[in-house]
Amino acid sequence: MKETNAGHPDQPRDVNASGRNEAALRERREAANHLTRRKLLASIGAAGVGIASTGLFGSGTAFAKDKLKDPNCLAVTVADIRAMTDPDDHFLYYVIDRGKEGSFYYDPADATTTDNVGSVLVSSAGKRFKRIIGEAVDVKWFGAIGDGGSHPLSERFATLESAQAAYPHAKALTDEIDWCAIQAAIEYVKTGSAPTTRVYIPKGTYLVNQAIRPEVDNIVVSGTAGSVISLQFDYIALLVNKTTPPATKPEAVYNVTVKDLTFASPNGFGPNNAGIVAFNHCIDLLVDNIRVVGNSSLLTSRQRITNGIATSQGTSGVIRNCVVDGVSKPGYYIANGSRDIRVEGCEARNVSGHLGYQPGMGVSGCDRITFVNCISHNNQGAGLQITTDGFPSPGGTPATNVQVIGGQFYNNDGHGIWMGTNVAGQFPRDVQMIGVDTSGNKLHGVNISAGRRISIVDHTAKGNGSSGIFVDNGARLVSTIDVINPNVYNNATALTIGGVVIRGADRVTIQGGRVFDDQTTKTQDYGIEFFPDGQSLKPANIRILDVQVFGNVQDYALTTVQGANVEAASGYYRIRHEGNPEGNLSAPPGSEYTDASTGDKYIKGTGTGNTGWKQIAVVV
């Protein structure tokens, strides 16, 4: 029958054996040449202390081989330390237990510090032994196992009270030891007594059933290749949401770094309406080289609404070099209250959920957000969605000052980039897309259905099922759109439509660039196409300047589409194309046209229809 210890899990079971161990240690100690602990620590040197503490360097074996030859450094187990009744403060005690290796010293002046399993060990006689800490605090010191299996506290403790003696934050005997140990390392850093704020999670798979809470200013939680946090419960895996009851609003936590970790939820577990990794009111955050891997099929079947990485409520900082794969809500959700966040070199893929059309990346109700060289593909909805958050109701909060620089948003079941709103009368504003590629999506490359002051510069959109760029003012929420140097071609592979389409919008400029179809079987029925909105509102204040439009079934549809007269009510065109514009091309008064085949130049004298063009003499 297995004996369950009511105290610490590494307490020795055989008291007689422990007594024999201590007697042997006493003999070695008496034979040793005494020197002060200060001198002993000095003899190790800074590098030796770092190695002795293991930290980022693994087991500390190299140190053990050298220093255990020193009679003033004794090799012991944790059980040996716990059994000691008469330790000597002139000695270092090097723990050789696998995963807990490192040097401790006895502090005779301390009679009160609590045993925390990892950095402070208390013997049965009440003697305090303190670990020499180097660059990082290792979660295995605190009992983390990391073998991928479930190890509830009940494996080591008979009662919750005894478990809480080692892990005060434990809530039930069903809590996983891995979670308890990781959180214990964080709690130790939180006390401020540690000489470092780095918590290290070595290679292994660690099962967590509660959220890891690194709610400590300047903390670094890091792993290495093969460091996996396994989520087998419907919880957030890592959360910053510091509150002091009875208050519920998050308090600011500064300079949190989480890096070099994988968060895996392969069996369909995840939080509802939250991220597997989530940050609330986290100032100057750094998330670097994080992998979040879910199972969108199982999440969908279980109707879990789970993001990958989520920020909100005042969070700022950098998210870079991350991958989110297979969650059921936006893989990256930059949500209400986030500000000054840079998402760089990140990827979202295979996002799909039972709510339908879930984007790979989402921006909602936040300000000053930048995406740089990101990739979002094979998602159920858009590659990137920029929209309005419903909070606070009823007005909501729009996304503002969003930049998308470089990157690819392709092969999505929705749009490449969609900008819209779910709050009546509200819209995103001040958005720039520069050098972005939105190709191969089932719907539009870029769809703007709500937004003001939007710039699309040096943009490529090819092979989309619908148009390359669609500016849709159907809800009367679109205005002031600049499309500069577009490279839009071979779109409309699933729907008969133009390459660039303007529907009832106001203040739209298309300048420079190319809109063309060079396929043998052409799919873009028009290069640039106008539509009225549902109430026959015509586009107004439209400018088309020096765009190369060629090779489409027809290059311009600016006059009549499906029987509706949709010429722009106002604006200015400067177009070069083949043929006489009179009777063929609608344009606002004052527009200029050059017949590319003859060099003849025309100016629009009157009206907005397709008549009133006058050829002008050119003096050579």
OG on Ser222 to CG on Leu261, rounded to 0.5 Å:
7.0 Å

Minimum side-chain heavy-atom gap Thr438-Met433 below 4.5 Å
no

Determine whether Val287 and Val277 make a side-chain contact, defined as any pair of heavy atoms from C-beta on separated by less than 4.5 Å.
no

Separation of Ile417 CD1 from Leu384 CG (nearest 0.5 Å):
5.0 Å

Any donor-acceptor N/O pair, His444 side chain to Ser466 backbone, under 3.5 Å:
no

Rounded to the nearest 0.5 angstrom, the CG-CG distance for Asn552 and Asn490 is 9.0 Å

Show every salt bridge (Lys or Arg N to Asp or Glu O under 4.0 Å) that has at least one partner inside residues 411-421, sequence neighbours left out.
Asp413-Lys442

Do we see a donor-acceptor contact under 3.5 Å between the side chains of Gln232 and Asn267?
yes

If you measure from CD1 on Ile481 to CE on Met419, what distance do you get to the nearest 0.5 Å?
7.0 Å

Can you tell me how the ring of Tyr556 sits relative to the ring of His577, calling it parallel under 30°, perpendicular over 60° and tilted otherwise?
perpendicular

Residues passing the side-chain contact (heavy atoms from CB on, under 4.5 Å) test with Ser570, sequence neighbours excluded, are Ala540, Asn541

Going by the rule side-chain contact (heavy atoms from CB on, under 4.5 Å), which residues pair with Asn485 if we only count those two or more places apart in sequence or in a different chain?
Asp458

Would Asp546 and Arg574 satisfy salt bridge (Lys or Arg N to Asp or Glu O under 4.0 Å), going step by step from the backbone distance to the final call?
CA-CA 6 Å; Asp546 306 319; Arg574 187 166 62 234; 2.6 Å; yes

If the threshold is 4.0 Å, N to carboxylate O, is there a salt bridge linking Asp340 and Arg368?
yes

Distance, nearest 0.5 Å, that separates CD1 of Ile502 from CZ of Phe531:
11.0 Å

Taking all non-hydrogen atoms of both residues, which atom of Val515 and which atom of Gln524 are closest, and how far apart?
CG1-NE2, 4.2 Å

Dump the intermediate steps for side-chain contact (heavy atoms from CB on, under 4.5 Å) on Tyr332 and Cys322, then the final yes or no.
CA-CA 10 Å; Tyr332 300 80; Cys322 297; 3.6 Å; yes

Pairs involving residues 288-315, ordered by first then second residue, that meet ring-ring contact (aromatic ring centres under 6.0 Å, His included) (sequence neighbours left out):
none

Taking C-beta and beyond as the side chain, do Ile229 and Leu238 meet within less than 4.5 Å on heavy atoms?
no

Between Phe269 and Phe233, what is the ring plane arrangement, given parallel below 30°, perpendicular above 60°, and tilted in between?
tilted

With heavy-atom distances below 4.5 Å as the criterion, would you say the side chains of Asp472 and Val478 are in contact?
no

With heavy-atom distances below 4.5 Å as the criterion, would you say the side chains of Val318 and Leu286 are in contact?
yes

Who passes side-chain contact (heavy atoms from CB on, under 4.5 Å) against Glu347, sequence neighbours left out?
Val323, Arg349, Ile375, His377

Candidates Tyr526, Tyr489, Phe516 - the one meeting ring-ring contact (aromatic ring centres under 6.0 Å, His included) with Phe550
Phe516

Without swapping roles, check the side chain of Asn307 against the backbone of Tyr333 for a donor-acceptor pair under 3.5 Å.
no

With sequence neighbours left out, write down each residue that passes salt bridge (Lys or Arg N to Asp or Glu O under 4.0 Å) with Arg429, or none if nothing qualifies.
none

Could you go step by step and tell me if Ile305 and Leu355 meet the side-chain contact (heavy atoms from CB on, under 4.5 Å) rule?
CA-CA 8 Å; Ile305 309 170; Leu355 296 179; 3.9 Å; yes

Would you say Val240 and Leu285 make side-chain contact, with heavy atoms under 4.5 Å?
no

